[in-house]
2 protein chains.
Amino acid sequence: MKLSVKSEYACLALIDLSELHEKGQLCTIGKIAENKGIPKKYLEQILLILKRSGYVKSQKGPDGGYRLAKDPGDINVAEIIRLMDGALAPVESVSTYFFEHTPIEKSPKLLDVFRQIRNYISDTLEHLTFRDLIE
Amino acid sequence: MKLSVKSEYACLALIDLSELHEKGQLCTIGKIAENKGIPKKYLEQILLILKRSGYVKSQKGPDGGYRLAKDPGDINVAEIIRLMDGALAPVESVSTYFFEHTPIEKSPKLLDVFRQIRNYISDTLEHLTFRDLIE
DNA sequence: CATATTGTCTATCGGATTTATAGTATATAG
DNA sequence: CTATATACTATAAATCCGATAGACAATATG
């Protein structure tokens, strides 16, 4: 896993929305972009992806904006990174959801170590929810 | 850390050379490439990098080839990946050797989790030597 | 010395990916 | 009706990665 800027932006945006969630307030793309220092038009695309996957809801028009579609405690960081970047594993040949063959399979011992690393990353990030990340 | 094919090739080549190390035998680029299924011309560049960093030695001419410059037990996987790919950390802002600012710093809590992941990866791979990977 | 073999070095290409921007369409509050 | 917001698609710009090409240098051997 090498985190892309896209994943970072997605997490930051979800943190922003998580903090507003209890009040049920909408927040515009522009506001989030400004808060977190994210290019607005790029954030637009990211929020669209999050919307299509059911993490956020939106409303058009004046006073429109975005809000979370779930409780922050029901969204974990692993699923967001997988959605944006693909595999958490450092090598696809030890990835559960994005398996692919790679040259490293020629060394079973090395492969085992990377599998162990993948499991650590998955366990850590799957148990980390956006509730844990709110201030 | 997302492992590149380059790192994978470097590790596989070093494993090959580690297995020959005790006998002090030289091995040609072509042989290694064939053994591990690596494009020869690409492997050439990788071995040059390893040579310049003191991991392997070479000899030109007929009967020439490569051999390890150190004991397999004195080379760990972390340093090879850092040489080929840069940071082991999933985000540069928690990298010890390749620190850079990234947007994720806006969430200290998230940053902490990634620091923890980085430490796990570093510890694991720094203690893994090529002696451990020999058959 | 001539030749074949092997590493050295630099340049570059093709393709993919990533980050970001542009522009048009659609919904809705007032 | 108009201003404001999201929806959507296309594509630009930059970078990186894996791979290839080809000229050069060293050396063992006959």
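Order of the sequence lines sets the chain letters (A, B, ...), proteins ahead of strands, with each chain counted from 1.
Here the side chain of B:S7 pairs no donor or acceptor atom with the backbone of B:L3 at under 3.5 angstrom. Distance alone, capped at 3.5 Å, is enough to place a donor-acceptor pair between the B:E105 side chain and the B:T102 backbone.
One can place CD1 of A:I49 at 15 Å from C1' of D:dT6, the figure rounded to the nearest angstrom. The CE-C1' distance, from A:M84 to C:dT19, rounds to 14 Å in whole Å. As rounded to whole Å, 11 Å separates atom P of D:dA19 from atom CD of B:E8. Per the geometry, CZ belonging to A:R67 stands 14 Å off P belonging to D:dT6, to the nearest Å. Distance B:L12 CG to D:dG18 P: 13 Å, rounded to the nearest Å. The nearest whole Å value for the distance from the OH atom in B:Y42 to the C1' atom in C:dC13 is 14 Å. When rounded to the nearest whole Å, the span between NZ of B:K2 and C1' of D:dC16 equals 14 Å.
Note on residues 47-68 of chain B: no pairs pass salt bridge (Lys or Arg N to Asp or Glu O under 4.0 Å), not counting sequence neighbours. For residues 9-27 of chain A, the set of pairs meeting the salt bridge (Lys or Arg N to Asp or Glu O under 4.0 Å) definition, not counting sequence neighbours, comprises A:D16-A:K36, A:E22-A:R131. Listed by first and then second residue, the salt bridge (Lys or Arg N to Asp or Glu O under 4.0 Å) pairs that reach into residues 85-104 of chain B are A:K2-B:E92, sequence neighbours excluded.
For the side chain to side chain contact (heavy atoms under 4.5 Å, CB included) test, residues two or more places apart in sequence or in another chain that qualify with A:E79 are A:Y55, A:I75, A:N76.
Of the residues in residues 88-105 of chain A, not one comes within less than 4.0 Å of DNA chain C through any heavy atom.
A close approach under 4.0 Å does not occur between any side-chain nitrogen or oxygen of B:Y9 and OP1 or OP2 of D:dG18.
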Under 4.0 Å protein heavy-atom contact, by nucleotide of nucleotides 1-9 of chain C - B base, S sugar-phosphate only: ---BBBSBB
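The existence of a salt bridge linking B:K31 and B:E34 is excluded, since no basic side-chain nitrogen approaches an acidic carboxylate oxygen closer than 4.0 Å. Using a cut-off of 4.0 Å between Lys/Arg side-chain N and Asp/Glu carboxylate O, A:D112 and A:R115 are scored as salt-bridged.
Aromatic ring orientation, A:Y42 versus A:Y9: perpendicular (interplanar angle above 60°, classes split at 30° and 60°).
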